[in-house]
Amino acid sequence: MKTKKVFLLMAIVFALPMMLAAQSPADALFDKYSGQDGYTSVYITQHMFGLFADVETEEDESGFMDLVKNLDCIKILAVDDESKELNLQVNFYEEIMNDFPKGVYDELMVVKKKDQDVKFYVLKEGKKIVELLMIVGGVDDNALISIQGDIDLKTISKLSKTMNIDGMENLEEINTDEDKDK
């Protein structure tokens, strides 16, 4: 019995760091501010996307199901618009960059505006994009969006228009950036 307890303890000790390392850098920020006054957090699971698939529609004009069929989840965190004072106190960009795993994520795009930084990162497994991370930090706006799953960048800007959620309008920049490259 004693060896089983020792074995279990060792398994926990070795597994815990691996489980924590598997978390997105967005997860810690999301967990810290989710549910706090002055912040809005949205967590959309794969099960919610599945419910959309179960709803019979005559025609999916926007192609929404094609956009979300391979997604695992979307996490959105934003400072409420009414919280101007709170925007001066926090900066999601600076906060997440303190512990950001350099070399793990590829920088996709940077948008710099007066007193605001917007950065897009992707996490790849081989050639497959498994996470798109958008970080907005600054005086006027703080937002974080993490999209996880099998991601096709060509459809991400369409998704931002279809869902009409605050903060996701920055994802439209990806489409603009791709058009410039052509």
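With respect to Met134, the side chain to side chain contact (heavy atoms under 4.5 Å, CB included) criterion is satisfied by exactly one of Ile76, Val111, Leu108, Ile145: Ile145. Exactly one of Ile147, Ile151, Leu123 qualifies for a side chain to side chain contact (heavy atoms under 4.5 Å, CB included) with Val130. That residue is Leu123.
Counting non-hydrogen atoms of neighbouring residues, nucleotides and ligands closer than 6.0 angstrom, the CD atom of Gln89 exceeds 12 such neighbours. For Glu85, the CD atom counts as loosely surrounded, since its 6.0 Å shell holds 12 or fewer non-hydrogen atoms of other residues, nucleotides or ligands. Within 6.0 Å of atom CG in Asp140, 12 or fewer heavy atoms from other residues, nucleotides or ligands are found, so the atom counts as exposed in its surroundings. Remark: Asn98 CG is packed, more than 12 non-hydrogen atoms of other residues, nucleotides or ligands lying under 6.0 Å away.
Taken together through direct or relayed side-chain contacts under 4.5 Å among Ile, Leu, Val, Met, Phe, Trp and Tyr, Leu144 and Phe120 form parts of separate hydrophobic clusters. Hydrophobic cluster membership is shared by Phe30 and Phe100, with clusters built from Ile, Leu, Val, Met, Phe, Trp and Tyr side chains linked at under 4.5 angstrom. Both Val79 and Met97 are members of a single hydrophobic cluster when ILVMFWY side chains are connected at heavy-atom separations under 4.5 Å. The hydrophobic clustering, which links ILVMFWY residues whose side-chain heavy atoms are closer than 4.5 Å, places Tyr93 and Leu77 together.
One finds the CG atom of Asn70 at 14.5 Å from the CD atom of Gln148 (value rounded to the nearest 0.5 Å). How far CG of Asn91 is from CD1 of Ile96: 11.0 Å, rounded to the nearest 0.5 Å. Once rounded to the nearest 0.5 Å, the distance linking OH of Tyr121 with OG of Ser146 reads 14.0 Å. The CZ atom of Phe92 sits 6.0 Å away from atom OH of Tyr33, with the distance rounded to the nearest 0.5 Å. Put simply, CE on Met48 and CD1 on Ile74 are 11.0 Å apart, with the number rounded to the nearest 0.5 Å. Note that the OG atom of Ser41 and the NZ atom of Lys32 stand 14.5 Å from one another [nearest 0.5 Å].
One N or O on the side chain of Asn142 and one on the backbone of Gly138 form a donor-acceptor pair closer than 3.5 Å. A donor-acceptor pair under 3.5 Å is formed between the side chain of Asp27 and the backbone N or O of Ser24. Using modelled atom types, no side-chain atom of Asp72 and backbone atom of Thr45 make a donor-acceptor pair closer than 3.5 Å.
Taking the side chain as every heavy atom from C-beta outward, Val90 and Tyr39 approach each other to under 4.5 Å. Inter-residue side-chain proximity for Leu86 and Leu88 is flagged as unmet; no heavy-atom pair is nearer than 4.5 Å.
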Handout entry: Derivation of the side-chain contact (heavy atoms from CB on, under 4.5 Å) call for Gln46 and Leu71
Key = CA-CA 6 Å; Gln46 187 177 35; Leu71 298 182; over 6 Å; no
Practice task
Assess whether side-chain contact (heavy atoms from CB on, under 4.5 Å) is satisfied between Asp150 and Lys128, documenting all intermediate values.
Solution key: CA-CA 7 Å; Asp150 186 359; Lys128 184 170 100 172; 3.4 Å; yes
Exercise for the section: Kindly indicate, with the supporting measurements, whether the criterion side-chain contact (heavy atoms from CB on, under 4.5 Å) is fulfilled by Met109 and Lys119. Expected result: CA-CA 6 Å; Met109 189 172 77; Lys119 284 204 174 184; over 6 Å; no
Exercise for the section: Tell me, with the steps shown, if Asp106 and Lys124 meet side-chain contact (heavy atoms from CB on, under 4.5 Å). Expected result: CA-CA 8 Å; Asp106 294 329; Lys124 294 181 179 179; 3.8 Å; yes
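For the residue pair Gln36 / Ser34, no side-chain donor-acceptor distance below 3.5 Å is found, with atom types taken as modelled. Inspection of the Tyr105 and Glu131 side chains reveals an N or O donor paired with an N or O acceptor under 3.5 Å.
In terms of heavy-atom proximity, Val122 sits nearest to Leu132 at CG1-CD1, 3.8 Å.
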